[in-house]
Number of protein chains: 2
Amino acid sequence: MEIENGCEWSGGDDGQVQEVQERLVDGVTAARLARTFKALSDPTRVRIISALSHRELCVHELAACLGMSQSAISHQLRTLREMRLVRRRKEGRHVFYTLDDDHIHDLFHQGLEHVEHE
Amino acid sequence: MEIENGCEWSGGDDGQVQEVQERLVDGVTAARLARTFKALSDPTRVRIISALSHRELCVHELAACLGMSQSAISHQLRTLREMRLVRRRKEGRHVFYTLDDDHIHDLFHQGLEHVEHE
DNA sequence: GTAATATATGAGCAACCATTCAAATATCGA
DNA sequence: TCGATATTTGAATGGTTGCTCATATATTAC
């Protein structure tokens with residue numbers, strides 16, 4: 001893996017590196033952060049979240065809205081469910097999905113703002 | 001691909017689906033959004049952003065801080081550069097990296113808040 | 001019961017990704 | 001010039017992922 005312990009810059013001592021190291025997010029937090037952002041890192045999932053941010057929808061409606069197969073949508077809904085981003089409610093043959101987490105909603109919209117004016 | 005055009009729910013007409021469809025983010029926006037979140041969807045990149053949010057760092061320092069090989073860091077910096085998240089400044093043998101975009105900084109911290117209290 | 005509808009899921013596959021390893025480039029000091 | 005340091009890059013690789021296809025489950029209507 002070949003890891004060095006610091007370059008000759010930063011005054012020759014590693015104190016400055018260590019200072020950054022202390023303020024750095026820890027491994028577990030970094031992993032959870034990455035996992036959170038990963039939930040929104042796919043166009044299909046982004047569009048699902050976007051659709052559900054307007055109103056509750058069943059799987060078939062989502063598939064129709066996005067122009068994708070029911071299976072593909074169902075697979076993505078599964079991962080969104082496991083990430084606790086969506087919740088499901090069964091009603092007869094239909095399963096309705098809603099956004100579960102308001103924070104993700106905020107994150108989504110902040111990302112949207114960032115993308116829209118650039 | 002087997003795409004259906006709407007289920008019998010929603011009153012039997014596709015008007016309601018179409019309404020959601022109109023408010024949906026378009027494909028290009030969804031792709032750009034996904035791309036933005038993807039930049040932060042990896043633990044290593046998250047930690048790089050976290051480190052650079054404290055101060056400017058050269059590649060070797062980053063590798064030392066994260067305890068990873070210089071090559072791995074360099075590869076990730078390349079993708080972060082291509083995504084316009086970091087900027088580089090050359091000074092002699094060293095190449096210093098800084099965060100390029102304040103929006104990403106905000107996005108990062110909002111994600112951090114979300115992860116920290118849950 | 002059967003048929004139709006709605007959803008979920010497992011296998012398979014092609015595409016992508018993060019890292020390692022080896023090698024190339026560039027700069028500085030002697 | 002040579003050797004050491006700093007960074008970049010390409011190939012290879014093991015792992016992940018998003019989709020399709022086929023199939024399974026569940027509910028409703030008949």
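Not measured: the values here are computed from a predicted model.
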> Between OH of B:Y97 and CD1 of B:I49, what distance do you get to the nearest 0.5 Å?
Replying inline: 12.0 Å
> Between atom CE in A:M83 and atom P in D:dT17, what is the gap in whole Å?
Replying inline: 8 Å
>> For a quick test of reading the model: is some side-chain N or O of B:Y97 closer than 4.0 Å to OP1 or OP2 of D:dA6?
In response: no
>> Looking at A:S71 and C:dT7, is any side-chain donor or acceptor paired with a base atom of the opposite kind under 3.5 Å?
In response: no
>> Between A:E91 and A:R89 (salt bridge meaning N to carboxylate O under 4.0 Å), is one present in this structure?
In response: yes
> Looking at B:T44, does any N or O in its side chain come under 4.0 Å of the phosphate oxygens OP1/OP2 on C:dT19?
Replying inline: yes
> Which pair of heavy atoms, one from B:L24 and one from A:H54, lies closest together, and at what distance?
Replying inline: N-CE1, 4.0 Å
>> Using OP1 and OP2 only, check whether a side-chain N or O of A:K90 sits under 4.0 Å from D:dA26.
In response: no
> Hey, does the side chain of A:R78 come within less than 4.0 Å of C:dA8's phosphate (OP1/OP2), counting only N and O?
Replying inline: no
>> Any side-chain N or O of A:S69 below 4.0 angstrom from OP1/OP2 of D:dT20?
In response: yes
> What distance separates B:T44 OG1 from B:L77 CG, expressed to the nearest 0.5 Å?
Replying inline: 10.5 Å
> Relative to each other, are the rings of B:H114 and A:H103 parallel, tilted or perpendicular (30° and 60° limits)?
Replying inline: tilted
> Quick one: is A:R45 getting a side-chain N or O under 4.0 Å of the D:dG18 phosphate, OP1 or OP2?
Replying inline: yes
>> Could you tell me how far apart A:D42 (CG) and D:dT17 (C1') are, to the nearest whole angstrom?
In response: 9 Å
>> Without decimals, in angstroms, what is the distance between A:K38 NZ and C:dA18 C1'?
In response: 10 Å
>> Taking 4.0 Å as the cut-off, does a side-chain nitrogen or oxygen of A:H60 come that near to OP1 or OP2 on C:dT7?
In response: yes
>> Can you tell me whether the side chain of B:H75 and the base of C:dT20 have a donor-acceptor pair closer than 3.5 Å?
In response: yes
>> Over all strands shown, is B:T79 touching base, sugar-phosphate only, or nothing at heavy-atom distances under 4.0 angstrom?
In response: nothing
> Are any of B:Q76's side-chain N or O atoms less than 4.0 Å away from OP1 or OP2 of C:dT19?
Replying inline: yes
>> So, OP1 or OP2 of C:dT27: does either fall under 4.0 Å of a side-chain N or O from B:H94?
In response: no
> So, is A:R93 near the phosphate of C:dT7, with a side-chain N or O under 4.0 Å from OP1 or OP2?
Replying inline: no
> Between D:dT7, C:dA8, D:dC19, which one does the side chain of A:M68 approach most closely?
Replying inline: D:dC19
